[in-house]
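Atoms considered below: every heavy atom in the structure, side chains included; atoms not considered: hydrogens, waters and symmetry mates. Worth saying up front: this structure is predicted, and the values here are computed from it rather than measured. Every number for a ligand or one of its atoms is a count from 1 in the order of the listing.
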Amino acid sequence: MRKPFIAGNWKMNTDSASAVALAASLAEELKGVDTVDMAVCPPFVYLQSVAAALSASNIALGSQNVYFEEKGAFTGETSCGMLKDIGCAYAIMGHSERRHVMGETDELINKKVAAAISGGLLPIFCVGEQLQDREGGTTNKVVSGQIKNGLVGISAEQMQAVTVAYEPVWAIGTGLTATPQQAQEVHAMIRGLLAELYGNEIAQSVRIQYGGSAKPGNTAELMAQPDVDGLLVGGAALKVEDFAAMVKTIA
Ligand code: PGA
C-alpha cells in the first residue's frame, strides 16, 4: 500500500510574515492527520522560519530546488547538506518552471536526484509534457524520456527515496486540469516504465503525484485513480482552507 503524499509548492510567493502564518495555520488545521504524508515547500529565504512554525507538526519541509555539489564556488546555489541542516526532508527537482523558464536539462536534474538521495533528501522528481507534445501525440515519449534520463545511475534501492510528480505543463497554473483518465494513463505508463527499470516491487512502492491545477474540487476524482498516489499543489497550496480541504479529502 502506498501512503498518499500531498506537497504544497509555494513557488515564489508569500513574504516573511505570511509564510509563517500559512505554515502555522496548516499545522493547526491538520493536527492529528496521520494517513497522509504532507509537506510544504516555501521559498528558500523562508525555509528556516517555516521550519520553526512546523516544528511540532506532522507537516514536513521541502525545498523547491537544490544544487548537486556539496559546497564551494557556486554563487546563488544551495546544497543538500544545507537543506538537511535546516530541517528539509524533501526537495523538488525538475519542476517544469525550472526546466522551461530556467533551462534545466535532464542531465542536470539527474545530478540533483543523485545528490539528493546520497545527501539524505527525498526527491520529488517532476516530469511532464508541454501542450505541443500532448497535441502531437508524443506525451508518453517525452515523459518516459524525462524519467529515463532523470534516473540514470539511480539504483533500485535508491529509487525507494523518490516520489515522481507527473505535472502536464499545460495544466500548471492554468486552471486546466488533466482529466482523471488523462492523469491515470500517464501515471500507469510511468509505473510500467519503473517496473521495466527497477522491477515490479519497486514500481508498486514508488509514489506518483499528480500536479497541475489540483484543487479541492478535483481532489477526490484524481485520487480515485489507481496510480495517482498524491498531489503536488501550487496555487491551492497558498490557501489554508484549500490545502487543508484537499488533505482531508485524501485522508
Ligand atoms: P498549480 O501548480 O497547482 O498552481 O497548477 C502545480 C505545480 O506547479 O507544482
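Sorted by first and then second residue, the side-chain hydrogen bond (donor to acceptor under 3.5 Å, both in side chains) pairs involving residues 31-49 (not counting sequence neighbours) are K3-D37, E28-K31, D37-R207. Within the structure, side-chain hydrogen bond (donor to acceptor under 3.5 Å, both in side chains) contacts touching residues 53-75 (residues at least two apart or in different chains) are N65-K112. Annotation: side-chain hydrogen bond (donor to acceptor under 3.5 Å, both in side chains) contacts involving residues 236-251, sequence neighbours excluded, comprise E29-K248.
Of all heavy-atom pairs between D229 and M223, the closest is C-CE, 3.8 Å. In this structure, V152 and N110 approach most closely via the heavy-atom pair O-ND2, 2.9 Å. Nearest heavy atom pair, residue W10 against residue A23, reads CH2-N, 4.0 Å.
The residues lining ligand 1, counting any heavy atom closer than 4.0 Å, are N9, K11, H95, E167, A171, I172, G173, G212, S213, L232, V233, G234, G235.
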